[in-house]
Amino acid sequence: ILNYYQGNILLKSLFLTRHAKSSWNHTSLSDIDRPLNDRGKKAAPFMGELIFNKKDIPKILISSPANRAFSTAKVFAEKFGYIENDIIVNNTIYGAGPYQLLDIVKEQDNSYDSIMLFGHNPTFTNFANMLSNENIFNVVTCGVIRIDFNIQDWMEVDYGSGELIYYEYPKKHSKL
């Protein structure tokens, strides 16, 4: 399991995972109900396995209620050895802006040194850039960003206070 200590400084790690590719085939479905498409169903287990193999297993998984985000979270949870009931659904993530996401992060229990959020763009790209002062153009579907913070309390997370550790995405590793 990942060691979240760097020297004597306690780290907290935030993972931002954009949902896998979703289907637009069912025009009668509302946006929140759209399922994963075939590419998304391949990318989610691939990326869950990739993160698992990094020994980078977050302590808590929090998902948007959108079908495509929760479906992605379920696949990652399975790869991490969690069950579906371990996933916390936070309705605010769907339609949230960066400030709402910051509030969600700040309210997390400090007993968790790592959390993974599953959600949507453009908010996830903007949020990652704001936290880390990076300039990621676009977090692609099923992209995973890890940002570390030299803090002891999630309340200390603020814009510019994080360090981008990695940005992983399916096409970086395969032809998915």
I'd like to know if the side chain of [X] reaches the main chain of [Y], judged simply by a donor and an acceptor atom lying under 3.5 Å from each other, with no hydrogens or angles considered.
X      : Y      : value
Ser22  : Leu36  : no
Thr17  : Val144 : no
Asn121 : Thr125 : yes

Quiz item: Does some side-chain heavy atom of Phe124 sit less than 4.5 Å from a side-chain heavy atom of Leu101?
Solution: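 When only atoms from C-beta onward are counted, Phe124 and Leu101 do touch, with a gap below 4.5 Å.
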Quiz item: Is Glu134 close to Ile147 at the side-chain level, that is, under 4.5 Å between some pair of heavy atoms?
Solution: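 With C-beta onward as the side chain, the pair stays apart.
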Exercise. Verify whether the ring centers belonging to Tyr99 and Tyr159 lie closer than 6.0 Å.
Key: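 Yes, they do, as the ring centres are separated by less than 6.0 Å.
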Quiz item: Do the rings of Tyr169 and Tyr167 sit parallel, tilted or perpendicular, given the 30° and 60° boundaries?
Solution: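 The rings of Tyr169 and Tyr167 sit tilted, inter-plane angle from 30° to 60°.
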Quiz prompt | From CZ (Arg146) to CZ (Phe15), nearest 0.5 Å | solution =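 That separation rounds to 5.0 Å.
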Exercise. For Asn135 and Asn129, run side-chain hydrogen bond (donor to acceptor under 3.5 Å, both in side chains): C-alpha distance rounded to whole Å, both residues' side-chain angles, the deciding distance at 0.1 Å, then the answer.
Key: CA-CA 6 Å; Asn135 192 19; Asn129 288 333; 4.5 Å; no
Exercise. Could you tell me which residues satisfy salt bridge (charged side-chain N to carboxylate O under 4.0 Å, His left out) with Lys106, sequence neighbours excluded, listed by chain and number?
Key: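 Listed in chain order: nothing, the list is empty.
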Exercise. Could you tell me which residues satisfy side chain to side chain contact (heavy atoms under 4.5 Å, CB included) with Asn53, sequence neighbours excluded, listed by chain and number?
Key: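 Glu49.
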Quiz item: Does a salt bridge link Asp148 with Lys12, judged by any charged N lying under 4.0 Å from a carboxylate O?
Solution: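 The answer is no: the pair does not qualify as a salt bridge.
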Exercise answer: donor-acceptor pairs, residues 67-76 side-chain atoms, under 3.5 Å, sequence neighbours excluded:
| residue | atom | partner | partner atom | Å |
| --- | --- | --- | --- | --- |
| Asn67 | OD1 | Ser71 | OG | 2.9 |
| Asn67 | ND2 | Asp33 | O | 3.1 |
| Arg68 | NE | His19 | NE2 | 3.3 |
| Arg68 | NH1 | Asp31 | O | 2.6 |
| Arg68 | NH2 | Asp31 | OD2 | 3.1 |
| Ser71 | OG | Asn67 | O | 2.8 |
| Thr72 | OG1 | Ala20 | N | 2.9 |
| Thr72 | OG1 | Arg68 | O | 2.7 |

Quiz item: For Leu102 and Asp158, what are the C-alpha separation, side-chain angles and deciding distance, and is it a side-chain contact (heavy atoms from CB on, under 4.5 Å)?
Solution: CA-CA 8 Å; Leu102 184 61; Asp158 206 350; 4.2 Å; yes
Quiz prompt | Over 12 foreign heavy atoms within 6.0 Å of CD, Glu168 | solution =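 Buried by this count: over 12 neighbours within 6.0 Å.
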